[in-house]
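Here is the structure we will look at.
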Amino acid sequence: MTRLIAGWLYKGKTSRYEATMSELPKAYEPQAVEKQWYEAWTANKCFQADENSSKEGYSIVIPPPNVTGILHIGHVLNNSIQDILARRARQQGKEVLWLPGTDHAGIATQTKVEKKVRDEEGTTRRELGREEFLKRVWDWKDEHGGIIIQQLKRLGCSCDWDRERFTMDDDYSAQVSKVFVDLFNEGLIYRGKRMVNWCPKSLTALSDEEVIMKPKVSKLYFMKYELVDAPGEFLEISTTRPETLMGDIAVAVNPDDERFKKFVGRKVRRPFPAAEIEIIADDHVDVEFGTGCLKITPAHDKADFEIGERHNLEIIDVLHADGTINCPEVPELDGLDRFQARRKAAAMLEEMGLLIKVEEYENNVGFSERADVVIEPRISMQWFLKYPAVKEATDAVNNGDITFRPKRWESTYNNWMGNLQDWCISRQLWWGHQIPVWYRKEKSFELREKESLDMNDLKSGDIYVGVEPPTDGSEWERDEDVMDTWFSSWLWPFATMDESTKKKFYPTADLVTGPDIIFFWVARMIMAGYRFADQLPFKNVFFTSIVRDDKGRKMSKQLGNSPDPLDLMDKFGADGLRFGLMRIAPTGTDIKFDEDTISEGRNFANKLYNACRFRQIQGAGVIALDSFDKLDSHHIDILAKLDKLDVNLDAAYDNYRFNDVTGQLYEFFWTEYCDKFLEAIKFDFRSDDESAKARTLAVIDTVLARYLAHLHPLMPHITEELSAKMGYLPAGQFLMTSTTDKTPVLTGLSAEKVEEGQQIAASLYETAGRLRNLKSEYNLASSKDVKFVVKPIADWVGGECDTLATLAGAKEIQLQADYDPPQGTPAAVTTFGEVYMPLDGLIDMDAEKSRLDKEIAKITKEVEKAGKKLSNPNFIERAKPEVVDVERARLAEWEGKLEQLRSMRGALA
RNA sequence: GCGCGAUUAGCUCAGUGGUAGAGCAAUGCCUUGACAUGGCAGAGGUCACAAGUUCAAAUCUUGUAUUGCGCACCA
């Protein structure tokens, strides 16, 4: 079938085309075309960036998708925009680098492979050991890791695939380690035992950004502890976590709380394991909340930990890393999962008569972003980073060196930058960049347990921080943790480039990403750029919309509400998907996904294809537009609008208004070119005037060739296909690598001529609308025998009548300056003059009367409205003259129409 | 609690002070020679609400309501 299309469209084969025309598919079939062109581009290295080029450089680095990932609709949006920017930059004659790659995605990937190992080999990573397990991960990555890359290719992404990078490439890893070493030596990285967010499923620490707060209905347990020195007297305490009761070391009250002042310093009995714990006073306690008494569990709550530090309290850890209870003294609970233990502990309290009541209570609970389980605050040994280059990074965004679009994200950025917490960068995983810290073997155990560790500890000589272990002949053991994945991706804009590439392409021009990773990634990249590459990493950040489902919910695997982009491409083509999505998406607010919009993209591709087919039917061979003298008004009009389109597109692109770009392209082609122009010129093709036909074909070729180039960034495949097959490009040349000609197409005509042509064309289309309207009102739409009589308003009218008849679907338009219409003949005042539609008495008079009455009432209202406005002296004095003119013209028009309707009505009565 | 958005036709959304728009859906007509993934025509809106500024407000100001998102707190 593809061959047939190709054969059909190929220039110079008119006879063959005519012979096969009836068999041609009327609908565009994107699948084969898209595949074929992508292969052609790749084979001809069209995407390759040359760092030695003398052309101006333009670069984008892809936000690296997870190597485990599969394409979702957000990726499509994001990468379509990048592709549009890259392709447009090429058309502007720039040397373009769009640098692709993937991210190793520590937790996600490790979890996936652990599951595979468990399912297929029935073993665990610990049993396999670090080295063996990592081998499995690499195997998995090599086998399945590139799926998303293939999917991006299907979408048409013009990345320089020869430069594809991975965050765990050897040289990339070396840079990550070196950054760690440098920051350590600078004193910005340190190790310490801190309260961190712990994921009991992935068994690792997480950064604050990886914790998602969700509102949950919890139970608030009210219980009572007996006072040691006053048996039978109790202190009431409320808690949501009775299962950590064994870790209580105190009960706190607010020092200003009159109710409890007398208890401070005394002791209560902890029920299990039985112990006497002190009542302390601390400002943190909210008098209003619960009973006003707070149990203190320093090991399992961030606030309690801080209170514990202030009062120098003992830390009793009663949880294992996986969230099960670690408390042999209470065998009923020991080993239970934390949530089971919660119910069990409550039951035990009840048995002991210490549980007063249980209330439902809504609070926010932290969940781990990846594993989606409740986070456990946990004290553990971790590595932390104090952020570098904070001031430069903050200033850059605020002084305009880096532009955020939409601008409002600046405040989100500033807010976070102003409240930076040290970044927990260590993860208790194996898949990732291992911390480049080495301990002398004999002292390894002791050093690993050391409460805090920073650059001062290097002096001992037993610790070494460096990419490779020291070569002093002694044995060294490496720190077992790996770094947060984002600790590698924050280097992405420059760590992916070698020196000469950096020279040409760094800093990058645009970053296109979602606002949800503004902290995770964007802010950190800016800091890393200033600290390690001496300047900003990108000049513009475009934050895309977040795509939601039709109910406004975020797309998610669990809900199953995420459409598969591959299905969409099967149904609508990659071009259709891109176009449809761009038409609605990038307005800065969230968008609801609607498949109908995507079908609009497919429909548009089909329209384009058929309009080109129409051109081919008129004969093969490209005709140059070399004379402007004899152009008709509608020729001039479409050429002028094409030039205007060029200007409008520039403006829309400059402001990153991709929906505008798409809207302009759509409007020009569908409304202006197809609905108006193509219909208007059909008269030319029915006539015998060969030179007129040739002129029209030249205009068509001029418009289509330029238009296809304009459309190319959005719909790369079909435009490449049509440009080639229509013969708009020299053989062997690609549209995607051709610089777009920006010189106006409409030259050789005076501004007055252009203006006049456009005005006549506007009249033509408007009048055609009026005539169709008249026909439709009298239910004559299907009749081909409708005849109009025009009393021409000027000389040019005669020359437009044939075209007008074509557009209006009329059999004939007569010019008759002295026409005397029969009473009641429908008429319209048009910019061509008065137009009459003789009815020959075929109309139902009663229906006509009531129609006219309704119409008269409607227009009377309009006249009153406009008259009121124009009789307002303030309006006349202070409104802009052109506004007043428009209003006056409008009133005059209504009044004319009203008068006419009344006379028609009078004739009928 | 603080901050940032949103609210326009049945639906999805454009619209930066001057005649309220598009696509889809729904209605009527049209298989005419590029396209039914199409054409033509008509219908459909108190621009969330209230007050203000202005000759003029969907648009600017203030407030209210509804809703989404982020941050903080949460025993």
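Chain A is the first sequence line, chain B the second, and so forth, proteins listed ahead of strands; every chain is numbered from 1.
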Report the distance from atom [atom1] of [X] to atom [atom2] of [N], rounded to the nearest whole Å.
| X | N | atom1 | atom2 | result |
| --- | --- | --- | --- | --- |
| A/L774 | B/A41 | CG | P | 12 Å |
| A/H300 | B/A75 | NE2 | P | 15 Å |
| A/F593 | B/C11 | CZ | P | 19 Å |
| A/N364 | B/A75 | CG | P | 10 Å |
| A/I212 | B/A72 | CD1 | C1' | 16 Å |
| A/D675 | B/A22 | CG | C1' | 13 Å |
| A/Y666 | B/A14 | OH | C1' | 14 Å |
| A/F404 | B/C4 | CZ | P | 17 Å |

How would you label the contact of [X] with the nucleic acid (heavy atoms, under 4.0 Å): base, sugar-phosphate, or nothing?
| X | answer |
| --- | --- |
| A/I546 | nothing |
| A/D660 | nothing |
| A/N773 | sugar-phosphate |
| A/V884 | nothing |
| A/T239 | sugar-phosphate |

For the side chain of [X], counting heavy atoms from C-beta on, which of [options] is nearest?
| X | options | result |
| --- | --- | --- |
| A/R583 | B/G23, B/A75, B/U37 | B/G23 |
| A/N610 | B/C35, B/A41, B/C74 | B/C35 |
| A/K592 | B/C13, B/C24, B/C35 | B/C13 |
| A/R686 | B/A34, B/G33, B/A75 | B/G33 |
| A/A879 | B/G5, B/G18, B/C24 | B/G18 |
| A/V285 | B/C73, B/A75, B/G38 | B/A75 |
| A/F289 | B/A75, B/U37, B/G23 | B/A75 |
| A/R602 | B/U37, B/A75, B/G70 | B/U37 |
| A/S776 | B/A41, B/C74, B/A34 | B/A41 |
| A/D596 | B/C24, B/C4, B/A75 | B/C24 |

Applying a 3.5 Å limit to both distances, which nucleotide forms a Watson-Crick or G-U wobble pair with [N]?
| N | answer |
| --- | --- |
| B/U37 | none |
| B/G1 | B/C71 |
| B/G21 | B/C13 |
| B/C60 | B/G52 |
| B/U7 | B/A65 |

Whichever of A/S411 and A/K682 has the more 5' nearest nucleotide on RNA chain B, that residue is A/S411

Hey, which sits more toward the 5' end of RNA chain B by its nearest nucleotide, A/N419 or A/S238? A/N419

Hey, are the side chains of [X] and [Y] touching, using non-hydrogen atoms and a 4.5 Å cut-off?
| X | Y | result |
| --- | --- | --- |
| A/I700 | A/F677 | yes |
| A/T662 | A/L714 | yes |
| A/D301 | A/M195 | no |
| A/Y707 | A/L608 | yes |
| A/K295 | A/M223 | yes |
| A/V287 | A/R259 | yes |
| A/H284 | A/E306 | no |
| A/F669 | A/V703 | no |

Hey, is the side chain of [X] poking within less than 4.0 Å of OP1 or OP2 on [N], counting only N and O atoms?
| X | N | result |
| --- | --- | --- |
| A/R657 | B/G15 | yes |
| A/R613 | B/A34 | no |
| A/W670 | B/A34 | no |
| A/K26 | B/C35 | yes |
| A/R772 | B/C40 | no |
| A/H284 | B/C74 | yes |

Can you tell me how far [atom1] in [N] sits from the matching atom in [M], rounded to whole Å?
| N | M | atom1 | result |
| --- | --- | --- | --- |
| B/U67 | B/U62 | P | 23 Å |
| B/U16 | B/G10 | C1' | 29 Å |
| B/A20 | B/C30 | C1' | 30 Å |
| B/G17 | B/G45 | P | 27 Å |
| B/G52 | B/A58 | P | 15 Å |
| B/A14 | B/U7 | P | 7 Å |
| B/C55 | B/A43 | P | 35 Å |
| B/A22 | B/G63 | C1' | 33 Å |

Taking atom types as they are modelled, is there a donor-acceptor pair under 3.5 Å from the base of B/C35 to the side chain of A/K607?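 It does, because a donor-acceptor pair links the side chain of A/K607 to the base of B/C35 below 3.5 Å.
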
For a quick check, tell me whether the side chain of A/E679 and the base of B/A34 share a donor-acceptor pair closer than 3.5 Å. yes

Give a yes/no verdict on a cation-pi contact between A/K682 and A/F614, requiring under 6.0 Å between NZ or CZ and the six-membered ring centre and an angle within 45° of the axis.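 Judged by the rule, A/K682 and A/F614 form a cation-pi pair.
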
